[in-house]
Structures are given as structure tokens and as C-alpha cells.
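Working notes, structure below.
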Protein chains: 2
Amino acid sequence: MVTLAEVARHAGVSASTVSYVLSGKRSISGATRQRVEESIRVLGYHPNAGARALAGGRSNIIALMVPLRTELYVPVMMEIAVAVATAARAHGYDVLLLTGEEGPAAVRRVTGSGLADAVILMDVELDDGRLPPLRASGRPSVLIGLPADTTGLTCVDLDFTATGALCVDHLAELGHREIALIGEAPGVYERRTGFAERTLGGLRSRAAERGLRLLHRPCEGGYDALAATLGRVFDERPDTTAFVVQNEAAVEPLLALLRRRGRAVPEDVSVIAVCPEQVAVQASVRLTSVAVPAREMGRRAVEHLVAKIDGAGPDEVVLLPPELTVRASTGPAPARVREARSGEA
Amino acid sequence: MVTLAEVARHAGVSASTVSYVLSGKRSISGATRQRVEESIRVLGYHPNAGARALAGGRSNIIALMVPLRTELYVPVMMEIAVAVATAARAHGYDVLLLTGEEGPAAVRRVTGSGLADAVILMDVELDDGRLPPLRASGRPSVLIGLPADTTGLTCVDLDFTATGALCVDHLAELGHREIALIGEAPGVYERRTGFAERTLGGLRSRAAERGLRLLHRPCEGGYDALAATLGRVFDERPDTTAFVVQNEAAVEPLLALLRRRGRAVPEDVSVIAVCPEQVAVQASVRLTSVAVPAREMGRRAVEHLVAKIDGAGPDEVVLLPPELTVRASTGPAPARVREARSGEA
DNA sequence: GCGGGGCGTCGAAGCGCTTCGACGGGTTCA
DNA sequence: TGAACCCGTCGAAGCGCTTCGACGCCCCGC
């Protein structure tokens, strides 16, 4: 391995000069700079990361902690992870991939050892066990998701409450009165992962305001699970005319099963998905959806984090406003229901 | 931050003793060891990663390079990545997440700077630009995938050639004579990503051996793309009775479109998927499939890599044998075709 | 023409750890 | 009973970098 000292010798300057050329923290004459840069190029020099971290007190590494349960909402996670990695590189940081497996201990380890300068937490639960060690570490951090207590934290997330409300508004305007939420797997709610509850909350309160009935059914992914769920929904609320789906693995099964039951989308039943754009576009019916802006979330998280590392970032909760894109899966509530409704009026 | 020296003072021993307690590289008396461990616990000591890397000459970090085009075969990638991270931790390594964006330069950077002790490359192309810098670096590495020239390299992958053959065997035994491969997006073939070609190769040669006709159609994911592709397949080969799909984003569309065309699976048309187990099980028809053993691949890659870091690992190409699981999507070729076939004989 | 101030460069002191050689004391074997 | 040895411990030397203070030198102003 080529060292700073060798570069210095090759360029006929001192080691510190090379260091200053690299960091730009002191002014260097053009001639010297060029000579040094040339030597670096010729020798193929790469600064040693360990030495740099030791001397400089920072590793230029951001830890990204992805959820333990990888079977859940995988595409979003992957998209965020890649967006984080890409954005981080653009700011000169590398990304360390931590799985949820180690939990709080991993946070302690990477912050305590100085391996990571900062941490991004994904899949944050309302009362997340990783937060105490994170707070204690004093390291800059950004959460993707929203815990119950956000004091002193920076969080980036889609505004899921507004998302829920937006879905209700759209459906209400189309004349729907009875809607059902096909949610994430029950485990997601049990773990009290914020986003699922917030969507539900948004749906519930807006539905109450506008006089719609809402049924909520968590659901595992896959056909069999959804078939059972769907059966119970229609048994309990036969007049359900619209679905909000927040579960990637349930989107396609829902469409297929509705078809199988002879319910046309959007003529008989409307469907809104809360999912990444791509899922909505590639589905068998182009879905009206609220996009989960995964890339944007990853990018923003990194930007806030870098600002905090540099000492400039305020603690702040950033809720991205949801955008509903109307595609082919939502339409006016079917006449029968609309008649019943006007009959009531 | 607590340092080694502070632990040493607290325990009343020298710094080197603490170091040896930590590494176990020299024998330490039980009493001393306990005293040191107690001090470590009490003070909440975590060895500084940078210092360790600098002094020890190794970072205990493995770089994992995921593909640039994240839209492709995402679930497999994520599964592998998580498996790698988990397995790596079990061996005391952390994982640095690199995206393909930087390409060869990233390999140079992380190996040259000593940031990573070793590298795992995913999504390897036949003539992969990342291999020259990787070879030049002299760092241990494992590829997930197979380049054209594997001299001096360790590779782990599913045996896709055997996978193709296995699919043909299964279909041939069921009496199918005309089969079609719905492949990955054309881009995947253009980039000459090994696995896609190898599956095709396996299918082709076994089909030739057993006298089956094979049609190959790369295909973008999603409904519209697949609808077009499928139309062309049936135009060109109306007697096609079986499909092999190697494209996660095409699985569900294929099933839906076949249904829409009035072709029942498996009565009229058989379908075999090459995909992760979960995709096959959760599809609208439980799919006969050859599983892509993502977790296994990630795990194996790490194990080989760790062996190489420790100087024990031979260069080796590990091709995992494919396993075909028969589920509900394959059955005997329809009678019309079987008759035609016996007429020929 | 001389003093003051930048500017550009250097030397040295660490950062926190690993590891090598050394050393004292207790065994062990002839 | 001494030499040879091993075990447990220590001190010191570095790993390759950053950064601080110091030091010339040149340019400027008076």
C-alpha cells in the first residue's frame, strides 16, 4: 500500500503538505498542489481509512439499520437503502449495512467504536428499543419513520396521516360510503410500527368527519391469506365499494380475487394503493395510488444527517406531503349504493 | 469515549494485557482476565474501530456491491444482502453497502484505502469491469454470479445451466413439446449477466437433446410489456404449452394474462418459475418452481470469504444444485398436443 | 528601506490500538 | 540443584494520518 509519506517523498514535500492538499484546510500554492496531485495519481495513492478515522476522529461512514423482518415491504426498503447509499456517496460517506437482528446492541457497537459517524434507522417502532442507546451515543441520527416521542430527534417520513385522509377524500368525492383498509400483516401493528397506525388514524378520523364507514383488516401477504380476509370483509360489510391497500404483497392478490368474485375494478369496486410508484404502475390494473417516495426519503435522510454531522442541522420532523395519483382503479361508487345513499338522504 | 488505556488503568494492568484479553492471542490468567472484563463492562468500553484497523491491518469490514439497476430482481438482491450482513456479523464482520454506481472505482477505493478487508460482488456480468481492479487489489473476494473467466476467483451461484435442463426435463416428462422462456428484461442480456444466459443455455441444449422446441423472449416487467410479448409468442408458436419464467416482475402478469386469454394453468398451459421460494408460493397459482436460494447464496459467499481472509480458502466455483418443486402450475401437456405428438411417432 | 503580515510549508505530537521482545518467577527435567 | 523452559505480564514501537504551532519568505505600506 502506498502511504502519504511516500507520496510526500515522491512530490518532494512534507507529509503535512500532502495532507493539506487532500483536505484543502490550508492554502497550498498551485505549483505544489499540482505536483502532489500528480504524485498521487502516479503512485495510485488511496488514503488509509483506518488511519484517517483515527487521526481525524471521524470515519466518514453512516450506519443504516434496516428492519429485522426482511420479508416485509421489501421493495420500499431496498429502494430506500440504495437511495441512502447513493446520496451518502455524493457527500463522501460510505454506508454500513446493519440488520435489525442485533437491535440496540448494534447501535451501541457502531457508535461506541467510532465505526459510524452517524446513524439512520429504518422501520422505526413507536417505542423503539434502539432509541435509548442512540440518544445516549450523542451521534447524529435520522429516523425514517416516526416514534411516539420525537423530542430531540430528526425524522423523515411520508405523512401517513395525511395519506389516509387523502384516500378518504378521494373516495368520498366519488360517492363511496363503505371502505375497507387492507393493511400490513398483524405483526406490523403489534410491533406498533408507526406508519401503519398513522395511516389507519388518518383514514379513521377523516372517515368519521365525512360520515364514511371504515373497516380495518390487517393481512399477511399472499393469496390464501387475502382470500380469507376478503371473504370476511364482504360477509361483514357486503356494501363495501372501495379498498385502500397498504401492503405490497396484497395488491395483486386483491385485484385477482376481486376479479374472481366477479367484482370489476373500478366499476364495482375502487382500489387505492399506498405503495411505491412502480408497484402501482405495474399492477394488472393501473392503480390509483399514494406513492411512498422511497428514494426521496432516503435522499432527504442523508441530507439532514450530513447537515447534522457538520453541526448545522436542527432537530426536525419532516413529513413529506402525500400525493394521490388517479389511475384506472378508482371510479364513482356503483349506482346501487349511490341510490341507497340518496334514499337515505 | 473510553479507551484501552483507561480500561487498563481501571483494572490495574497494562494496555497490552487488555489487548490480549480482547484478542486472546496470548494466555492470560483467569483472575486478570476477569478483572479486565469487569472493567470493560463497567466502563462500557468499545474498541475504537479506526485504531484497530490501523494497528491491526484489517478493518473487519466486508464490502458488498449490489447492482446499479435496482429495479431488477429486487427481492432476491435484498434477501442476499440481508443474508450476507447476518452471516458476516456471525463471523465478526460488518458489511459496507456499495451500489454499482461507482463501479470499478468503488472497488479500487475500498480495497485501496483498506476500508474493506474483502469484497463480495453481486450481479456479475460475463466480462465485468470490476474484476480487473479486484484482481489487482489482491483482496479476498467472492462473486455471487459467474463471469466468463473464473480463473483465480471464488464464485457462488445457483447452477442455472442445470436449472434450465431441469425445467426441460420436467416439462418433457409431462409431454410438452413446445416451450417458451419468458426471460429477464433485454437489458439483462445485453449486459451479459451470466445467469440469464446460462439458464437459456441449459434450456436450449436439453431441449435440443430431447427434441423440444424452445422460444426465448426477454421481457420487461409489468402487464403491458408482457401482454405484447405473450401475444407474439402465441402468434409465432400457437402450440406452446409450457412457459419457463425467469423474471419476478413477469410472474403474476403471466398468470393473469393466460387466465384472460382463457388458458387454464395447468390444464392448458404449464408454468415453471425460476424465482425465490416466497414468490412461487404467494403467486395466484402455487407455482412449480426452481428456487433461487438467496439466503443460502449469501451465507455461503460469506463463509468462503471468511475462509479466504483467514488464508484457508481455495479458489473455487460453487454451483448450488437446483431443486425443482412441483406445485400446482405444471401438468401433462393437453391432449390435442399429445395426440399430434403420437401421430408424429 | 525596513517592519509587519500573510501565505505556504514543515516538523512533531498525537489519535488508540496491536504486537514484538523482554523479563520475572514458577516448573520441570536431568 | 541448576539449566532450560513456559507462563503471564509489561513497555515501547509503530500503524498512517491530521493538525497545531512555528518558521521562512515575499509583498506591501510608509
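Within every chain, numbering begins at 1; the chains are lettered A, B, ... in the order of the sequence lines, protein sequences first and strands thereafter.
- Between Glu303(A) and Arg300(A), none of the side-chain N atoms (NZ, or NE/NH1/NH2) sits under 4.0 Å from a carboxylate O, so this pair counts as no salt bridge.
- Taking 4.0 angstrom as the limit, Ser14(B) places none of its side-chain polar atoms (N or O) nearer than this to OP1 or OP2 of dT9(D).
- In summary, Arg89(A) and Glu101(B) do not engage in a salt bridge, as defined by a charged side-chain N under 4.0 Å from a carboxylate O.
- Here the side chain of Asp117(B) pairs a donor or acceptor atom with the backbone of Ser59(B) at under 3.5 angstrom.
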Requested in this report: If a protein heavy atom is under 4.0 Å from the base, mark B; if only from the sugar-phosphate, S; if neither, -; do that for nucleotides 15-23 of chain D going 5' to 3'.
Outcome: BBBBBBBB-
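- Note on Ser27(B): every side-chain N or O is 4.0 Å or more away from OP1 and OP2 of dC7(D).
- Asp127(A) CG: 12 or fewer foreign heavy atoms inside a 6.0 Å radius.
- A salt bridge is defined here as a Lys NZ or Arg NE, NH1 or NH2 lying under 4.0 Å from an Asp or Glu carboxylate O, and Arg198(B) with Asp159(B) fails to meet this definition.
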